[in-house]
Number of protein chains: 2
Amino acid sequence: MKTDCTHCIYISDAAAKLAGCDLQLLSDNHIVVGFKKGDSIIKQGTYSTNVIFLRKGLVKIHITGPYSEQIVKLAKPPTYLGLPTTVGDKINQYSITALEDTEVCFIDMGTFKDLLKSNDEFAFEIIRSLCRYEIDSFRRCANRIQKQTRGNLAEVLLDMSKNIFSSDRFTIPLSQAEIGNLIDTSRESVSRMLSEFEKDGIIRMQGKHLEIINKRSLELISQNG
Amino acid sequence: MKTDCTHCIYISDAAAKLAGCDLQLLSDNHIVVGFKKGDSIIKQGTYSTNVIFLRKGLVKIHITGPYSEQIVKLAKPPTYLGLPTTVGDKINQYSITALEDTEVCFIDMGTFKDLLKSNDEFAFEIIRSLCRYEIDSFRRCANRIQKQTRGNLAEVLLDMSKNIFSSDRFTIPLSQAEIGNLIDTSRESVSRMLSEFEKDGIIRMQGKHLEIINKRSLELISQNG
DNA sequence: TATACATTGTGATTTAAATCACAAAATGCC
DNA sequence: GGCATTTTGTGATTTAAATCACAATGTATA
């Protein structure tokens, strides 16, 4: 499906810098594709010639580590995905999988490069976002490694609440096993810790639906391990 | 000290794309500064208005995590440092410290931005390198977390040998405590593991000087934990 | 050269979290 | 609705690695 970028409500910060004609170029060289929950959007090791713009939904970025699959981060719209692949060696260096029903734009790489070249504001926004990603990734890694597991779980819950769902009540988009490989712990530990949080009156759970009752406690746990 | 970029032997891949006049602009708007081993080049939390180009030496990039200082990665020339800071919010998000006597160019941020805007090849090279950093950082984080400590230590030694010193004999530029916070383990564990590697005839050590005797073993340890 | 400070080596003990093992729910599907 | 598969809960046991404690080096520098 083709859509008109000039009136798209899902537009990126970078694309917002594009002038009408460049935006038209973008319009003419992309297709919108829908993915269902669980669908693989890009797969590590495969060849790719598109930049992907996440316009709607929620995805996980994961890589196959030396032993197991590891979720690197969750990404929500609006954001470009798979930039490193496209600009680098064209082989996907990580996988991206939909956690909810998701819509993305596949943008032709040649077009994307042309835009970078012809529009310096666009390029600068892309550079800005890549820089942000790098810092985020340093920070995330340091946190994961230094904090104890409880702290990491608390942080993930807060992060979902604040940055992804903007609400104290939401449905966790991951299984406990997935949470485990996001915060580098075992499935069993996640289960135990969630029970503990619930017992302590910090959260309330019904299946995957979670409500944060005592945000302050959760923040303290997140900070102090 | 000012130097002439048009004949600089330390030039970056990105700057190599610059035409004469742009290179002259770069020449006119940077200064070269030397740092001694141990000197702080940029300090997390401080204000910065320069992009830094590492032209000679060796540095560590480290951030203050929730509990302790963590070395994120080592960087060797030629590379830009502190790009995220400059392009982002101007507050340094990490510290950079010289591990050897080091020379860097402080490049005026305005000039750098002008170059990005006026020269798309330059901008594209910068984007390319940022993308590489992101993937490296995903990979590093997954390795650190999944591998056991022995595997991480082996990997760091191999990395130094291969990518930094290009030799099987080199002087480790870090204390054991620093190695510990590069691979997220305690100083004591590093000491014990190095002794073990030496006992097993995999490496030979005299103070900080290290020689890799059995590279194959080290690779196996790196892969299998 | 003597003195202080930082780095390293190694044993003993503790600890957080993984793993193993199995039951109970929940979910999807024919 | 009933059957299979995935997900979750919880106890018992094991384990890698941290921490503690202290001695022995090394290395700056006054």
Whole angstrom value for the distance that separates [atom2] of [N] from [atom1] of [X]:
X	N	atom1	atom2	result
B:Asn152	D:dA18	CG	C1'	16 Å
A:Ile145	D:dA17	CD1	P	14 Å
B:Met205	C:dT7	CE	C1'	12 Å
A:Asp184	C:dT19	CG	P	12 Å
B:Glu178	C:dT8	CD	P	9 Å
B:Leu153	C:dT8	CG	P	13 Å
A:His209	C:dA25	NE2	C1'	19 Å
B:Lys147	D:dA17	NZ	P	13 Å

Q.
One character per nucleotide, please: for nucleotides 7-16 of chain D, 5' to 3', B when the base has a protein heavy atom closer than 4.0 Å, S when only the sugar-phosphate does, - otherwise.
A. -BBBBB---S
(Q) Evaluate A:Leu58 against A:Ile164 for side chain to side chain contact (heavy atoms under 4.5 Å, CB included), listing each step before the verdict. (A) CA-CA 9 Å; A:Leu58 184 66; A:Ile164 298 183; 3.8 Å; yes
Give every donor-acceptor pair under 3.5 Å between a side-chain atom in residues 190-202 of chain B and any protein atom, sequence neighbours left out.
residue  : atom : partner  : partner atom : Å
B:Ser195 : OG   : B:Ser191 : O            : 3.0
B:Glu196 : OE2  : B:Arg150 : NH1          : 2.4
B:Glu198 : OE2  : B:Met205 : N            : 2.9

State, with a plain yes or no, whether a side-chain heavy atom of [X] is found less than 4.5 Å away from one of [Y].
X	Y	value
A:Met160	A:Val156	yes
A:Leu210	A:Leu157	yes
A:Pro173	A:Phe165	yes

Q) So what is the end-to-end bend of the helix from C:dT1-D:dA30 to C:dC30-D:dG1, with 5 pairs used at each end and the value given to 10 degrees? A)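 One end's axis against the other's: 50°.
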Q: Could you tell me which residues satisfy side-chain contact (heavy atoms from CB on, under 4.5 Å) with B:Ser40, sequence neighbours excluded, listed by chain and number?
A: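 Applying side-chain contact (heavy atoms from CB on, under 4.5 Å) to B:Ser40 gives B:Lys43.
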Q.
Can you list everything that forms a side-chain contact (heavy atoms from CB on, under 4.5 Å) with B:Ile213? Sequence neighbours excluded, please.
A.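 Result, side-chain contact (heavy atoms from CB on, under 4.5 Å) vs B:Ile213: B:Arg204.
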Q) Is there a donor-acceptor contact under 3.5 Å linking the side chains of A:His62 and A:Thr97? A)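 A pair is found: one side chain offers a donor N or O, the other an acceptor, under 3.5 Å apart.
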Side-chain ([X]) to main-chain ([Y]) donor-acceptor, under 3.5 angstrom:
X	Y	answer
B:Ser161	B:Ser167	yes
A:Lys60	A:Ala75	no
A:Glu134	B:Tyr133	no

Nucleotides 25-30 of chain D: which of its N/O atoms have a protein N/O under 3.5 Å away?
none

